[in-house]
Amino acid sequence: MCERVSFSCKHELNHFISNSVENLYGTRFGGGMRSWRWYLSRVMRLFLRWFRLCLRRGRRKRTNRVRDLWNYGTVLMKSLYYNALTNSDTVLDCVFEPIYWLVDNMTRWFGVVFVSLVITLTSSIVIIVYLCVLPIIFSTYPLHWILWHLCYGHWNLLMLVFHYYKAITTCPGFPPQEKSDIPTVTICKKCIVPKPARTHHCSICNRCILKMDHHCPWLNNCVGHFNHRYFFSFCMFMTMGCIYCSISAKDMFLDAYNAIESSYQTPPPSFTREEKMLHKSLVYLWVLTSSVSVALGSLTLWHAVLITRAETSVERHINNRERTRLKLRGKIFRNPYHHGILNNWRRFFGVEKRSDWLTRVLLPSAHLPHEDGLLWDCPAYRNNTVVI
Ligand SMILES: [Zn+2]
Ligand SMILES: [Zn+2]
């Protein structure tokens, strides 16, 4: 609401304005004595300004301290891993290094346990075959079947033991540590030595391995160029031996199983202690050999596929990635080490003439592989058909 005020003369108007300003500022317009209100407002304003200044300074100090700590932490972190070639892979490697260390050491330690387990379980099966299965075969089977079991069983056992022993004791092959003229593909980041083609670093052995396939805890050794054949032959003869035991002892297992089941009847059949042991041993033999046949048989088949394609387990992943990359560009990837299916097997087993299939594959043989593991014959490069 606006109140209308009227003045009779100019003097009255000047007096009204002077009073209004005095009321507002507590002093007379144009200077003179200040009232206590004016002083109080000035003090309050000064106090507010000082308070705001303090707040601003405190905030700036805290921000500076946090920034200094952050910069110090960044320099500290960078001093641990940074160099000009650092990328995300290196950082991830650094982060996971303790886990790798733990897994590598555990695998190295478990390797000894696994090798002991293979020897113990295989020995237990051989003992059961000699003590329980062979006496039954001798007493119940015709002569030609007895001869077959004696010949095949012992040949399989000999091949199995020979190849396992060679697989765990043969060095997989290492690249030369000194300077040489061998063409190399890259430098190993861990060993800081040149890596020839097909060579890969094994973090468990902590060395570069020629034509590395994988590190096998069951051998406590790397599978590489010089023991790949022993490893595959061991897998093959172990699978064959398990299938043989499983099929040969099937009827005995069924009889033993029924006998154990009948022991729960009333009245229970009167089995002697030896007979009870025999039944349990036969069940153990059949269950173990059947399980290993399936598990190891699958692994052996997978390695047979890789040998047919002239690839190692490591190269399988690399080649698959390369195949996909080139496919996107409309190109076809060809494995440079592929010599054809039969030739791949020949080279793998070191077969040079036909009689070698008997002497080098079906009988124990310690011959060296076809190549030295450093230089590789690549038919695809020779024919200039590799599309890269
Ligand atoms: Zn290395
Ligand atoms: Zn290894």
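We count ligands from 1, going down the list as the structure has it; atoms in each ligand are counted the same way. Just so you know, residue 1 is the first one in the sequence shown, and it goes up from there. All values reported here derive from a predicted model rather than from experimental measurement.
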### Task
Measure from NZ or CZ of Arg229 to the centre of the six-membered ring of Phe349 and say whether it is under 6.0 Å with the direction within 45° of the ring axis.
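Arg229 over Phe349 ring: no.
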
### Query
Cation over ring, Arg323 on Phe333, under 6.0 Å and within 45°?
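No, Arg323 does not lie over the aromatic ring of Phe333.
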
### Query
Do you see a donor-acceptor pair shorter than 3.5 Å between the side chains of Tyr284 and Ser124?
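There is such a pair (donor and acceptor under 3.5 Å, judged by atom type) between the side chains of Tyr284 and Ser124.
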
### Query
Backbone or side chain, does Cys202 get an N/O/S atom under 2.8 Å to the Zn ion (ligand 1)?
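So Cys202 does not bind the Zn ion (ligand 1) by this criterion.
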
### Query
Measuring to the Zn ion (ligand 1), does His200 have an N/O/S atom at a distance below 2.8 Å?
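No - counting backbone and side chain alike, His200 has no N, O or S atom under 2.8 Å.
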
### Message
Only to 10 degrees, please: what angle do the SG atom of Cys205 and the ND1 atom of His215 make about the Zn ion (ligand 2)?
### Response
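That angle is 100°.
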
### Task
State, to the nearest 10 degrees, the angle whose vertex is the Zn ion (ligand 1) and whose arms point to SG of Cys191 and SG of Cys188.
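Once rounded, the angle between the two atoms at the Zn ion (ligand 1) is 110°.
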
### Query
Angle at the Zn ion (ligand 1) between ND1 of His201 and SG of Cys208, to 10°?
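Reported to 10°, the angle equals 130°.
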
### Message
Does the plane of the ring in Phe348 sit parallel, tilted or perpendicular to the ring in Trp345? Use 30° and 60° as the thresholds.
### Response
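Phe348 vs Trp345 ring planes: perpendicular.
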
#### Entry: Under-4.0 Å salt bridge between Glu274 and Lys280
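So Glu274 does not pair with Lys280 through a salt bridge.
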
